[in-house]
Amino acid sequence: MRGEAEDLLGVRPVLRACRRGGVLIAEPVLPVKRKIKAVCRQVEVNQPLDDLLRRLNVMLRGWCGYFRAGVSSAVFAYLNSYLWESVWRWLRRKHRKSTWKEIRLRCCGGGWWPASERRELINLEQVGTTRYRYRGSVIPSPWPVADDEEHIVPTGLVESPVH
């Protein structure tokens, strides 16, 4: 049925329009975006970058660990770009008179990905997504099986017909 979405991990995916067609963006992205924004506002600019990265990495590792089974990699890429922009906005507030190049040399080691001396910002695009394993008839039936029918339960690993 077109236009209806199924619940996935208690979340209803929503199709948002973009320039190249549609991208599947799940509803739990909005609360995480709010949390990223709140953390970037809570960590004052007089604190080191390491404090911001530590707080963001802990929060996002937990979120990714929970949703990696049901969220597409496009959602992780979307959230990754928002995270990168938010951290860069924080860095621009911290170093108001510095140019992009100076900030890159100071806070990214010459690259574009923010990192401190001890830790690096988590890259959500590198978090792998997983699919649910097809269990088929291995799942026990809640209905009683008639005695005259044989109920065959495979004992080995069942391969998913969809790859």
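We're numbering straight along the sequence, starting at 1.
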How close do [X] and [Y] get, counting heavy atoms only, and between which atoms?
X	Y	value
Ser73	Thr129	N-CG2, 3.9 Å
Ser98	Ile103	CB-CG1, 3.9 Å
Leu91	Cys107	CD2-SG, 3.6 Å
Arg104	Trp88	CG-CH2, 3.5 Å

**OP:** Could you label the plane-to-plane angle of the Trp63 and Phe76 rings as parallel, tilted or perpendicular, counting under 30° as parallel and over 60° as perpendicular?
**Re:** perpendicular
Output the distance between atom [atom1] ([X]) and atom [atom2] ([Y]), rounded to the nearest 0.5 Å.
X	Y	atom1	atom2	value
Ile36	Trp90	CD1	CH2	15.0 Å
Lys37	Arg41	NZ	CZ	7.0 Å
Asn80	Leu121	CG	CG	7.5 Å
Leu60	Ile122	CG	CD1	6.0 Å
Arg119	Arg54	CZ	CZ	6.5 Å

Same cluster or not: are [X] and [Y] linked, directly or through other Ile, Leu, Val, Met, Phe, Trp or Tyr residues, by side-chain heavy atoms under 4.5 angstrom apart?
X	Y	value
Leu79	Trp113	yes
Val87	Trp100	yes
Val45	Leu52	yes

Could you check if a side-chain atom of [X] sits within less than 4.5 angstrom of a side-chain atom of [Y], using non-hydrogen atoms only?
X	Y	value
Ser86	Cys40	yes
Lys35	Met59	yes
Val75	Phe67	no
Leu53	Glu120	no
Tyr66	Arg61	no
Trp84	Pro114	yes

How would you list, by chain and number, every residue that makes a side-chain contact (heavy atoms from CB on, under 4.5 Å) with Glu85, sequence neighbours excluded?
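So Glu85 forms a side-chain contact (heavy atoms from CB on, under 4.5 Å) with Arg89.
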Residue pairs meeting salt bridge (charged side-chain N to carboxylate O under 4.0 Å, His left out), one or both in residues 90-99, sequence neighbours left out, come to none
Going by the rule salt bridge (Lys or Arg N to Asp or Glu O under 4.0 Å), which residues pair with Arg118 if we only count those two or more places apart in sequence or in a different chain?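 Here the qualifying residues are Asp50.
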Sidechain-backbone polar pair: Glu102 side chain, Thr99 backbone, donor-acceptor under 3.5 Å: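 At least one qualifying donor-acceptor pair exists.
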